[in-house]
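Take a look at the structure set out below.
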Protein chains: 2
Amino acid sequence: MDRHTEVTPSDIQEMNDGVDAWVANDFSGTCPVRDVLDRVGDKWSVLVVLRLGRGPERFRALLRAVAGISQRMLTVTLRGLERDGLVHREVFDTRPPSVEYSLTPLGHSLLGHITGLANWAVAHEADIHQAQKTYAQKQG
Amino acid sequence: MDRHTEVTPSDIQEMNDGVDAWVANDFSGTCPVRDVLDRVGDKWSVLVVLRLGRGPERFRALLRAVAGISQRMLTVTLRGLERDGLVHREVFDTRPPSVEYSLTPLGHSLLGHITGLANWAVAHEADIHQAQKTYAQKQG
DNA sequence: CCGTATCCAAATGGATACTG
DNA sequence: CAGTATCCATTTGGATACGG
């Protein structure tokens, strides 16, 4: 292969054997991959989980930390993640009130994978931009 | 930790060090993680890349293989992936015409990561559904 | 500080019909 | 077969204002 490939083709084939059946499943109405994508594939969930991977954080801190997110979307995203058991919400009865969010064990198990994805994004940023440039030129 | 965790906390911390700066970047207008999420975080890209991970495939075959995708969305998704250099499009001048899609080296390098994510989805399907059930009950 | 509620603009994506 | 084009319903998410 080439420099892009961090895993061997046989590794990938082996890994794929486990998910093939779930990509194409005309026979069933449910698909675990589809489920996870619907949940974690939204605009903010991955960024929030990545941030919470550093450690527990309060609402305001998250709002400042995740670039570009609105108050509403942070709430919506956190509720979704909490609902799916990826994030834990702890309320402290202080004045003014404070709420701390943290990853659950399940959330941590996901963190490893999306961190890998994030690092891939950073590593191949240049490749993608180059490809886009080339593609644009081919269109004329 | 517990049974959910396939990577150690120190592994994650180490991996995180590489992406932290890109999650919260109020200073810059661009974020590689955001970029990749916008591209690969749509409804179909991951499923298409996973499918192409098995090997090159033609348009009709993909349409049948990826459960639930429409003709339009397959076209749109493939164009996006082609544009970003993840998928290669090869036209054969036959009657009727046939077009074969395959992963580029860059696409293969991504495949490893999203396959991991897909396997996580399959592995923790039950955990998520359980969490959702528990959450629903807490609301009453 | 930590939300919720409302409103609204934009993006997403499905159905259908049509072309080379 | 492999698209493209059009139309339209749904979803997403940002702005804003308000409440505990």
Side-chain angles (χ1 to χ4, degrees), chain A residues 26 29 31 33-48 51-52 56-84 87-102 135 138-140, chain B residues 26 29 31 34-49 51-52 56-84 87-102 135 138-140:
Chain A
D26 311 76
C31 167
V33 182
R34 177 76 279 143
D35 284 350
V36 153
L37 259 46
D38 285 343
R39 184 101 306 289
V40 126
D42 64 18
K43 196 170 179 181
W44 299 110
S45 292
V46 166
L47 290 178
V48 169
R51 180 68 192 189
L52 287 178
E57 208 151 26
R58 291 176 52 185
F59 189 86
R60 278 288 146 183
L62 276 172
L63 198 59
R64 281 187 296 267
V66 180
I69 197 169
S70 67
Q71 187 168 355
R72 178 179 125 84
M73 288 317 296
L74 180 56
T75 300
V76 170
T77 302
L78 286 170
R79 287 298 167 277
L81 293 172
E82 188 191 357
R83 183 186 140 91
D84 291 352
V87 158
H88 173 68
R89 180 174 181 265
E90 180 103 34
V91 182
F92 296 97
D93 197 6
T94 57
R95 274 299 301 258
S98 71
V99 180
E100 191 179 79
Y101 294 91
S102 56
Y135 184 88
K138 282 198 299 187
Q139 309 307 313
Chain B
D26 311 75
C31 168
R34 175 79 278 145
D35 284 350
V36 153
L37 259 47
D38 286 344
R39 184 100 310 287
V40 124
D42 65 16
K43 197 171 181 182
W44 298 110
S45 291
V46 166
L47 290 178
V48 169
V49 171
R51 181 67 194 190
L52 287 178
E57 207 150 29
R58 291 174 53 185
F59 189 87
R60 279 285 147 186
L62 277 172
L63 197 60
R64 281 186 297 266
V66 180
I69 198 171
S70 67
Q71 186 168 357
R72 180 180 122 84
M73 288 317 297
L74 181 55
T75 299
V76 170
T77 302
L78 285 170
R79 287 297 169 278
L81 293 172
E82 188 192 357
R83 182 185 141 91
D84 291 353
V87 158
H88 173 68
R89 179 173 180 267
E90 180 101 35
V91 182
F92 297 96
D93 197 8
T94 57
R95 272 303 299 259
S98 72
V99 180
E100 191 179 79
Y101 293 91
S102 56
Y135 184 87
K138 281 198 300 185
Q139 309 306 314

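Quick caveat, the model's predicted, so the values are computed rather than measured. Order of the sequence lines fixes the chain letters, A, B, ..., with proteins taken first and strands second; residue numbering starts at 1 for each chain.
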Would you compute the distance between atom CG of B:Leu52 and atom CG of B:Leu81 and round it to the nearest 0.5 angstrom? 8.0 Å

Between the CG atom in A:Leu62 and the CD atom in A:Gln71, the distance rounded to the nearest 0.5 Å is 12.0 Å

Which one, D:dA5, D:dC1, D:dG14, comes nearest to the side chain of B:Arg64? D:dC1

If you look at every heavy atom in B:Arg79 and B:Tyr101, which pair is closest and at what distance? NH1-OH, 3.4 Å

For A:Ser98, which contact category applies under a 4.0 Å heavy-atom criterion: base, sugar-phosphate, or nothing? sugar-phosphate

I need the B:Arg34 CZ to A:Lys43 NZ distance, nearest 0.5 Å. 6.0 Å

On DNA chain C, compare the nucleotides closest to A:Val99 and A:Arg72; which residue's is nearer the 5' end? A:Val99

Could you pull out the closest heavy-atom pair between A:Leu63 and A:Leu74, with the gap in Å? N-CD2, 3.6 Å

Phosphate OP1/OP2 of D:dT11: any B:Lys43 side-chain N/O under 4.0 Å: no

A:Leu74 CG to D:dG13 P: how many Å, rounded? 13 Å

Could you give me the stems involving DNA chain C, meaning stretches of three or more consecutive Watson-Crick or G-U wobble pairs whose two defining distances are both below 3.5 Å? C:3-20 with D:1-18

Take the protein atom CH2 of A:Trp44 and the nucleotide atom C1' of D:dT11, then report the distance between them rounded to whole Å. 17 Å

How would you label the contact of B:Arg58 with the nucleic acid (heavy atoms, under 4.0 Å): base, sugar-phosphate, or nothing? sugar-phosphate

Whole angstrom is fine here: how far is it from CZ in A:Arg95 over to P in D:dG19? 16 Å

Gap between atoms CG and P, on B:Leu62 and D:dC1 respectively (whole Å): 13 Å

Rounded to the Å, how far apart are B:Asp42 CG and D:dG13 C1'? 17 Å

Sugar-phosphate, base or nothing in reach of B:Phe92, heavy atoms under 4.0 Å: nothing

Criterion side chain to side chain contact (heavy atoms under 4.5 Å, CB included) against A:Arg60, the qualifying member of A:Glu57, A:Arg58, A:Arg64: A:Arg64

Contact check, side chains of A:Val91 and A:Arg89, non-hydrogen atoms, under 4.5 Å: yes

Atom-to-atom span, CE of B:Met73 to P of D:dT11 - whole angstrom: 15 Å

For DNA chain C, which nucleotides open and close the run of contacts to chain B, 5' to 3', at under 4.0 angstrom from a non-hydrogen atom? C:dG13 to C:dG20

Check step by step if side chain to side chain contact (heavy atoms under 4.5 Å, CB included) holds for B:Thr75 and B:Arg72. CA-CA 5 Å; B:Thr75 299; B:Arg72 180 180 122 84; 5.8 Å; no

Is it the case that the side chain of A:Ser45 and the backbone of A:Gly41 share a donor-acceptor pair, with hydrogens and angles ignored and the cut-off at 3.5 Å? no

